[in-house]
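See below for the structure under consideration.
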Amino acid sequence: MICGIVDLGSNTIRLSIYHWEGQDFRLLLNKKTMAGLAGYVQGGVLSDSGILVACRTLSSYRALLDNFQVSKMHVFATASLRNISNTGEAVETIRDVTGIPVEVLSGDAEAALSFKGAVLPGGVSTGLLADIGGGSFELVSYEDMSITSACSLPVGSLSLYTRFVNGLFPTSEERKAMRAYVEEQLDRARTAGVRRGRLCGVGGTIRALNKLSVDVFHKPPESRSMTAEELRELYKLLKKDGRDTLRQILHAAPDRVHTLVPGLVILNTIIKAYGVELVTASSSGVREGYLMDRVMKL
């Protein structure tokens with residue numbers, strides 16, 4: 001069986017095409033659109049323009065799948081539609097315009113699916129999972145491959161940038177304000193008080209930071225691990241916000257030039273709060289979890 005899974009996120013909209021049979025699957029194609037839906041939210045409402053961006057992107061993905069003669073397309077939304085006041089209207093409009101239904105995942109469901117997709121296929125048995133998206137981040141604490149606590153917090157790399165930053169790079173005061181806000185959100189987390197040495201990182205922000213880490217520290221291209229000290233050094237580098245910093249970001253993650261620092265603020269705040277020593281950037285996450293749970297019924 002071949003199917004398309006679409007993750008309608010706050011920063012990016014991603015299409016992944018999988019071939020699956022029995023309990024096995026493999027990724028055939030990935031396509032990403034930097035839609036920036038969080039930027040279309042004003043007063044908690046996703047604007048008509050933002051809904052139109054979503055419709056156009058989903059229609060283009062549907063056409064792409066039709067060209068490959070793939071009939072099955074499953075679409076889910078995370079914080080992009082969950083954390084707005086007009087969720088029902090947005091979902092209905094998308095369905096009316098494109099004919100495509102969208103499942104809006106709760107924060108708990110997103111956290112559980114990220115865990116299923118990123119950790120269960122062979123991760124460390126005890127640790128912390130952090131899925132940093134554009135509009136939210138999910139935290140899952142687990143022991144012996146079983147979830148002990150999980151939560152979703154309404155702050156992501158793009159929403160943090162939109163809320164606190166006026167230029168391309170945040171100022172010292174803006175960085176302090178972002179960090180204080182993330183710490184405030186973590187105080188509400190049900191994982192408070194947990195200490196974990198290992199963290200499985202999910203999402204485009206952490207993958208981009210891993211690419212930057214490979215460049216800056218001259219690590220092998222296939223490396224997927226970052227120490228807490230390396231991430232602190234990256235933060236010091238990105239704080240300089242000069243030409244050399246911009247050049248390095250544009251080389252490693254050009255589409256995240258404005259959200260990389262906010263995303264790193266989130267990650268480093270998590271690392272400090274939970275005593276994390278090593279972060280592993282996962283190549284899989286919520287889309288694979290959705291495939292396994294909703295489509296393959298595993």
Side-chain angles (χ1 to χ4, degrees), residues 7 9 23 25 27 78-79 105-133 136-157 179 182-183 185-214 217 219-220 222-235 263-293 298:
D7 178 354
Q23 297 188 6
F25 65 88
L27 178 66
T78 52
L105 297 179
S106 68
D108 286 349
E110 183 180 358
L113 292 176
S114 291
F115 173 78
K116 190 166 190 173
V119 176
L120 288 184
V124 296
S125 61
T126 297
L128 190 71
L129 176 139
D131 185 348
I132 301 176
S136 70
F137 70 89
E138 285 66 48
L139 282 176
V140 178
S141 176
Y142 61 95
E143 293 182 14
D144 298 326
M145 287 301 186
S146 295
I147 294 175
T148 55
S149 60
C151 65
S152 177
L153 300 173
V155 54
S157 59
R179 188 166 57 251
V182 176
E183 288 172 349
Q185 293 298 314
L186 282 175
D187 285 342
R188 300 167 45 199
R190 281 170 281 168
T191 51
V194 172
R195 306 294 287 179
R196 292 283 185 259
R198 299 286 296 272
L199 183 147
C200 174
V202 176
T205 291
I206 291 180
R207 287 192 294 269
L209 287 170
N210 184 69
K211 288 182 182 178
L212 186 60
S213 171
V214 166
F217 300 113
K219 297 191 288 188
E222 66 275 11
S223 174
R224 305 200 68 84
S225 295
M226 299 169 282
T227 65
E229 180 59 31
E230 285 174 341
L231 287 163
R232 285 191 289 267
E233 289 299 316
L234 282 184
Y235 183 68
L264 185 52
V265 167
I266 295 172
L267 180 57
N268 275 345
T269 305
I270 293 171
I271 285 172
K272 182 179 179 181
Y274 295 95
V276 173
E277 299 171 356
L278 185 69
V279 174
T280 301
S282 176
S283 59
S284 57
V286 67
R287 289 185 301 283
E288 286 74 19
Y290 191 93
L291 171 70
M292 295 163 66
D293 190 83
L298 297 179

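For clarity, every value in this text was computed on a predicted model and none was experimentally measured.
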Residue pairs passing the side-chain hydrogen bond (donor to acceptor under 3.5 Å, both in side chains) test with at least one member in residues 121-132, sequence neighbours excluded, are Ser114-Asp131
Around Glu229, counting heavy atoms of other residues, nucleotides and ligands shown, do more than 12 lie under 6.0 Å from its CD?
-> yes
Across all chains, not counting sequence neighbours, the salt bridge (charged side-chain N to carboxylate O under 4.0 Å, His left out) partners of Glu233 are Lys236
**Message:** For a 4.5 angstrom cut-off between non-hydrogen side-chain atoms, does Leu267 reach Tyr235?
**Reply:** no
Sequence neighbours excluded, the answer for side-chain contact (heavy atoms from CB on, under 4.5 Å) partners of Ser157 is Thr205, Thr259
For Ala228, the side-chain contact (heavy atoms from CB on, under 4.5 Å) test, sequence neighbours excluded, returns Arg232, Ile271
- prompt: Under the side chain to side chain contact (heavy atoms under 4.5 Å, CB included) criterion, do Ile270 and Leu128 qualify, and how do the steps go?
  reply: CA-CA 10 Å; Ile270 293 171; Leu128 190 71; 4.0 Å; yes
- Can you establish whether the number of heavy atoms outside Lys219 located under 6.0 Å from its atom NZ is more than 12? yes
Side-chain touch Arg207/Ser283, heavy atoms, less than 4.5 angstrom: no
Across all chains, not counting sequence neighbours, the side-chain contact (heavy atoms from CB on, under 4.5 Å) partners of Ser225 are Leu278, Thr280
(request) Under the side chain to side chain contact (heavy atoms under 4.5 Å, CB included) rule, what do Val202 and Ile206 come out as? Steps first, then yes or no, please. (result) CA-CA 6 Å; Val202 176; Ile206 291 180; 5.9 Å; no
_Between Gln185 and Ser136, is there a side-chain heavy-atom distance shorter than 4.5 Å?_
no
Taken in chain and number order and not counting sequence neighbours, the residues that satisfy salt bridge (charged side-chain N to carboxylate O under 4.0 Å, His left out) with Lys272 are none
Point to revise | Criterion side chain to side chain contact (heavy atoms under 4.5 Å, CB included) on Val279 and Leu209, from CA distance to verdict | key: CA-CA 11 Å; Val279 174; Leu209 287 170; over 6 Å; no
* Sub-4.5 Å side-chain heavy-atom contact between Phe25 and Glu288 -> yes
Thr78 meets the side chain to side chain donor-acceptor pair (under 3.5 Å) criterion, sequence neighbours left out, with none
Here the gap from Leu113 atom CG to Tyr290 atom OH, rounded to the nearest 0.5 Å, amounts to 8.5 Å
Rounding to 0.5 Å, atoms CG (Leu139) and CG (Leu199) come to a distance of 8.0 Å
*What do the steps show when you test Ile147 against Phe115 for side chain to side chain contact (heavy atoms under 4.5 Å, CB included), and what is the final call?*
CA-CA 8 Å; Ile147 294 175; Phe115 173 78; 3.7 Å; yes
With sequence neighbours left out, the residues meeting side-chain contact (heavy atoms from CB on, under 4.5 Å) with Pro121 are none
> Can you tell me if CZ on Arg224 sees more than 12 non-hydrogen neighbours from other groups inside 6.0 Å?
Replying inline: yes
Scanning both residues in full, the closest heavy-atom pair of Met226 with Glu230 reads CA-OE1, 3.3 Å
For Gly117 and Ser284 the tightest heavy-atom approach is O-OG, 2.9 Å
### Task
Establish, from distance only, whether the side-chain atoms of Ser141 and Arg196 form a donor-acceptor pair under 3.5 Å.
yes
Residues passing the salt bridge (charged side-chain N to carboxylate O under 4.0 Å, His left out) test with Glu222, sequence neighbours excluded, are none
Taken in chain and number order and not counting sequence neighbours, the residues that satisfy side chain to side chain donor-acceptor pair (under 3.5 Å) with Tyr142 are none
Check your understanding: Do side-chain atoms of Asn210 reach the backbone of Ser223 as a donor and acceptor pair under 3.5 angstrom?
Key -> yes
(message) Is the shortest side-chain heavy-atom distance between Leu234 and Leu231 below 4.5 Å?
(response) yes
Taken in chain and number order and not counting sequence neighbours, the residues that satisfy side chain to side chain donor-acceptor pair (under 3.5 Å) with Glu183 are none
By salt bridge (charged side-chain N to carboxylate O under 4.0 Å, His left out), Lys116 pairs with (sequence neighbours left out) Asp293
